[in-house]
Amino acid sequence: MPRKQIHLAAHFPGVNNTTVWSDPKAGSHVEFSSFAHFAQTAERAKFDFLFLAEGLRLREQGGEIYDLDVVGRPDTFTILSALAAVTEHLGLTGTINSTFNEPYEVARQFASLDHLSDGRAAWNVVTSWDAFTGENFRRGGFLPQDERYSRAKEFLTTASELFDSWHGDEIVADRESGTFLRDARAGAFVHQGQHFDIGGQFNVPRSPQGRPVIFQAGDSDEGREFAASSADAIFSRYSTLKEGQAFYTDVKGRLARHGRTHDQLLILPAATFVLGESDAEAAELAREVRRQQVSGATAIKHLEFVWNRDLSGYDPDGPLPDIDPDLGEHTIARGRAQVRMYRDPLATAREWRERAAANKWSIRDLVIETGNRQSFVGSPATVAETIDEFVQADAADGFILVPHITPGGLDVFADQVVPLLQERGVFRTEYEGSTLRDHLGLKEPSAVEAGTRRVAS
Amino acid sequence: MSSSSLLPSSTPVLHLAVALDGAGWHPAAWREQVSRPRELFTARYWADLVQEAERGLLDFVTIEDGLGPQSSHFTEPDARTDQVRGRLDAVLIAARVAPLTRHIGLVPTVVATHTEPFHISKAIATLDYVSSGRAGLRVQVSARRNEAAHFGRRTFPALRIEDLDSPEVKELTGDLFDEAADHIEVVRRLWDSWEDDAEIRDVATGRFIDRDKLHYIDFEGRHFSVKGPSITPRPPQGQPVVSALAHKSVPFQLVARSTDIGFVTPHDADQARAVLDEIRTAQAAAGRADESVHVFGDLVVFLDDDPAAAAARRERLDGLAGYTYTSDARIFAGTPSQLADLLQELQQAGLTGFRLRPGVVGHDLPAITQGLVPELQRRGAFRSAYEADTLRGLLGLTRPANRYAATATV
């Protein structure tokens, strides 16, 4: 049986505490030169795409702007379009929120990006849950949980109707006859639904990929179902082989219900890595990186996500608080998805206290030990082997790598791990196609086929 | 008014921009052999145009945009198939060409009526980062019913161009321009919401930023309220250059209150003086008398070495279009030298620069950069090399102090 080909992408390090901004090698996370370096490294390594996350309000904790991690980032569309000028093949994926945008504008931006990059655009569709973020927008408040996905789903449906409103053969541009458009109604659309009641004419002609590639992140049942019905790839956060396989089986198992096949949805977990000359050296380095990622102050702030109360009086090198979490409405940290991970704070606090006591861990030790460890730690050979193993065992179709250093953190992976994956015959040595759909092995959406058929006939 | 050390100090420098739109401003422009109508939606096309404008040392390019198809009608869509229809997002075009250029300003059009000022603020700030300080924006309003229907959030009455002075239409346009003023105010406050030195990376205390140098903007307006701060740090120019096209008193007020550049459409020097009077008076009333607000004259241009050839070209294009092309701006057909005369005459009336709209971009843009510019240079009326790296620098505008930094130290 042929070995599965691995998909690799790179996530520009962002505003979480995994980014080690204090490292002397850390550069700007805003200057374009950082993005250009990162993208060009990813392209040199023949990665499928670059990925940008999004934030629409600065995080706050305890009523103050959070200041311990990288704060601030540039606009997604603008950076991706500029990166299209300094790369040729790399896919350009942006997270764009469906809660604080309108379909006509977002569809125009993605269709424009797809034109301006010759078919390399992808959209990670996300929703926003909080009124806190809404305070920066006309729409204001937020949507209840059950309406978030219904709006996201309808948003994506509506945007797809706009993408498909041009079939691809409308522009004739015949100088002699003076016919620019074959059909005056090119781009005509009507959408009437629960969230959007719009109609008119979309004014961007069909783009090279027809539509951007659609990505989705989110692990809830609704999120998985949304991805199975509508996405080309799903981001997940499972770092062990077993968890990854369970997620993979579950999500791929949902595809048939939506009339889709196994290869129409890629599973791409986010992954971090630490490389060393030997496995032992990498393990030592990984411990150091974790200490840099979780300072004493960061550990206290992280504990507050669970306790939902001010713990600034506690010593990060001391034992865990003996008071219980505040079970009221979560008010301590705002603008942060993480706080929703702890659905039973009392149980989490109890478990953490027990583990800390048993292992003689301080608050900081506990956060380091229970927080997200690096996914791949080892020599380049070990990391290449592990990544290959995960993919061949159907725990993933590939990974979205997040280095902890901006922007040079990807270089070592590109230089040392990618060649080993290529030697194993599981990763491309040259780009085979020019569009992101080509890289991902995804078919073009049907409206293009319809358009092509009409041109041919 | 700015001056350049590269020119005799007595000669006022005029500023030059081109307005880029499709194959050009004449509706039949795409049918010229020199045009590339099948490439209008490619990056290469836009890169070529902006690089040509940069070779001509122009101050900036503007990029037209709209949230609906172009139309030969003022307020509603048409059903024409013989003109260019379709546009790419102007901010994305500007970002796409930014890394391919070094000096020229990039000024995309943004429709304030249907967009979020928070998104626009970070997009233009980021354009300023990717261009190292060459970003601007041109704010536009839209009362088109079909464009409102693309968003489904508001409706507008049917408008006819004859009704522009009716009380009902005046109220609507007043409202749209007030909203645009609020939009610009929010965008500007967000640019200032980070002080320049807010990022401290203080390893000793573990603080990446000094949160005291980040500011809530707390804007409350009729159409939106925005809390802030921005997610994007203050851009290289501090405040990218804000511009708007203005034909009447209400938009003149917007120029006077809110912008760094107003584009106006006088047809002669007397009209230019009248428009300038109105804008300068409004500027003083808005408390901005000591701030630099450029007023650029807009002109549609058809340029040939022989004046008869220019006129004949314009007529031939009108014939292809099936009607005589008219414009809000004066349409000039003649030689680069005649245009230089006209620009200098209008400059005498107080205009500080010109935004030229090429009738056929493939023909008239190179005629501007390779004909008009050398002519103006010979007269000592235009720069012979870029004298600054930022758009503000080219326009002689200083980098503004941060409004919040001043109050924060009190």
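Heavy atoms only: backbone and side chains are in, while hydrogens, waters and symmetry mates are out. Model, not experiment: these values are computed from the prediction.
- Proximity to chain B (any heavy atom under 4.5 Å) is restricted, for Glu102(A), to the side chain, taken from C-beta onward.
- Options Pro103(A), Ala184(A), Ala173(A) differ in how many heavy-atom pairs under 4.5 Å they form with chain B, and the most are formed by Ala173(A).
- No part of Ala186(A) comes within reach of chain B, as not one of its non-hydrogen atoms sits under 4.5 angstrom from that chain.
- Contact annotation for Ala297(A): neither backbone nor side-chain heavy atoms come within less than 4.5 Å of a heavy atom of chain B.
- Among the candidates Gly55(A), Gly200(A), Ala84(A), the residue making the largest number of heavy-atom pairs closer than 4.5 Å to chain B is Ala84(A).
- For the pair Arg206(A) and Phe163(A), the cation-pi test (distance below 6.0 Å, angle within 45°) is failed.
- When ring centroids are compared, Phe180(A) and Trp30(B) come within the 6.0 Å threshold.
- Residues of residues 61-68 of chain A placed with any heavy atom under 4.5 Å of a heavy atom in chain B are listed by number as Glu64(A), Ile65(A), Tyr66(A), Asp67(A), Leu68(A).
- Using a 4.5 Å cut-off between heavy atoms, Leu56(A) touches chain B through backbone and side chain atoms alike.
- Asn97(A) and Thr99(A) form a side-chain donor-acceptor contact under 3.5 Å, judged by distance and modelled atom types alone.
- Looking at every heavy atom in both residues, Tyr323(B) comes nearest to Ser72(B) through OH-CB, 4.1 Å.
- Side-chain N or O atoms of Arg57(A) include one that pairs as donor or acceptor with a backbone N or O of Phe132(A) at under 3.5 Å.
- Contact annotation for Val172(A): only backbone heavy atoms (N, CA, C, O) come within less than 4.5 Å of a heavy atom of chain B.
- Proximity to chain A involves both the backbone and the side chain of Val84(B), based on heavy atoms less than 4.5 angstrom apart.
- Residues of residues 111-119 of chain A that come closer than 4.5 Å to chain B, counting heavy atoms only, are Ser112(A), Leu113(A), His115(A), Leu116(A), ordered by residue number.
- Using a 4.0 Å cut-off between charged side-chain N and carboxylate O, Asp196(B) and Lys213(B) make no salt bridge.
- Heavy atoms closer than 4.5 Å to chain A are found nowhere in Ala125(B), neither backbone nor side chain.
- Scanning for salt bridge (charged side-chain N to carboxylate O under 4.0 Å, His left out) contacts around Arg80(B) gives Asp82(B), with sequence neighbours left out.
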Requested in this report: Begin with the C-alpha distance, continue with both residues' side-chain angles, and end with the deciding distance and a verdict on side chain to side chain donor-acceptor pair (under 3.5 Å) for His215(B) and Glu195(B).
Outcome: CA-CA 8 Å; His215(B) 304 277; Glu195(B) 294 183 34; 2.7 Å; yes

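- With a threshold of 4.5 angstrom between heavy atoms, Ile217(B) does not approach chain A through any atom at all.
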Margin query: For Phe118(B) and Phe137(A): C-alpha separation, side-chain torsions, deciding distance, then whether ring pair (Phe, Tyr, Trp, His ring centres under 6.0 Å) applies.
Written below: CA-CA 7 Å; Phe118(B) 191 87; Phe137(A) 296 97; 5.2 Å; yes

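- Looking at Glu147(B) and Ser142(B), their side chains do bring a donor and an acceptor atom within 3.5 Å of each other.
- For the 3.5 Å distance criterion, the side chains of Asn203(A) and Arg108(A) qualify, holding a donor opposite an acceptor.
- Among the candidates Arg185(A), His29(A), His191(A), Glu176(A), the residue making the largest number of heavy-atom pairs closer than 4.5 Å to chain B is His29(A).
- A side chain to side chain donor-acceptor pair (under 3.5 Å) with Arg134(B) holds for exactly one of Thr390(B), Thr101(B), Asp128(B); it is Thr101(B).
- The residue among Phe196(A), Phe77(A), Trp21(A) with the most heavy atom pairs within less than 4.5 Å of chain B is Trp21(A).
- In terms of heavy-atom pairs under 4.5 Å with chain B, the best-connected choice from Ser33(A), Gly72(A), Ser22(A) is Gly72(A).
- Residue Leu100(B) touches chain A through its side chain alone, counting heavy-atom pairs closer than 4.5 Å.
- Contact of Ser177(A) with chain B is made through the backbone alone, with heavy-atom distances under 4.5 Å.
- The side-chain heavy atoms of Trp46(B) and Ile63(B), taken from C-beta on, include a pair separated by under 4.5 Å.
- The part of Pro233(B) that comes within reach of chain A is its side chain, from C-beta onward, which places non-hydrogen atoms under 4.5 angstrom from that chain.
- Classified by interplanar angle (parallel below 30°, tilted 30° to 60°, perpendicular above 60°), the ring pair Trp123(A)/Phe155(A) is perpendicular.
- In this pair, Phe189(A) and His150(B) present their aromatic rings tilted. The plane angle is within the 30 to 60° band.
- Among Val86(A), Val30(A), Val15(A), Thr298(A), the residue with the largest count of heavy-atom pairs under 4.5 Å with chain B is Val30(A).
- Here the closest non-hydrogen pair linking Leu190(B) and Pro229(B) is CD2-C, 3.9 Å.
- Contact of Asp218(B) with chain A is not made at all, since no heavy-atom distance falls under 4.5 Å.
- Counting non-hydrogen atoms of other residues, nucleotides and ligands closer than 6.0 Å to CZ of Arg44(B) gives a total of 12 or fewer.
- Judged as a salt bridge (charged side-chain N to carboxylate O under 4.0 Å, His left out), and not counting sequence neighbours, the contacts of Arg334(A) are Glu60(A).
- Of the two parts of Asn136(A), the backbone and the side chain both hold a non-hydrogen atom closer than 4.5 Å to a non-hydrogen atom of chain B.
- Here the CD1 atom belonging to Ile300(A) is positioned 8.0 Å from the OG atom belonging to Ser312(A), to the nearest 0.5 angstrom.
- Between chain A and the options Ala98(B), Pro99(B), Ala94(B), Gly152(B), heavy-atom pairs under 4.5 Å are most frequent for Pro99(B).
- At a 4.5 Å heavy-atom cutoff, Ser132(B) makes no contact with chain A through either its backbone or its side chain.
- You'll find the side chain of Asn146(B) stays beyond 4.5 Å of the side chain of Gln201(A), heavy atoms only.
- No part of Tyr45(B) comes within reach of chain A, as not one of its non-hydrogen atoms sits under 4.5 angstrom from that chain.
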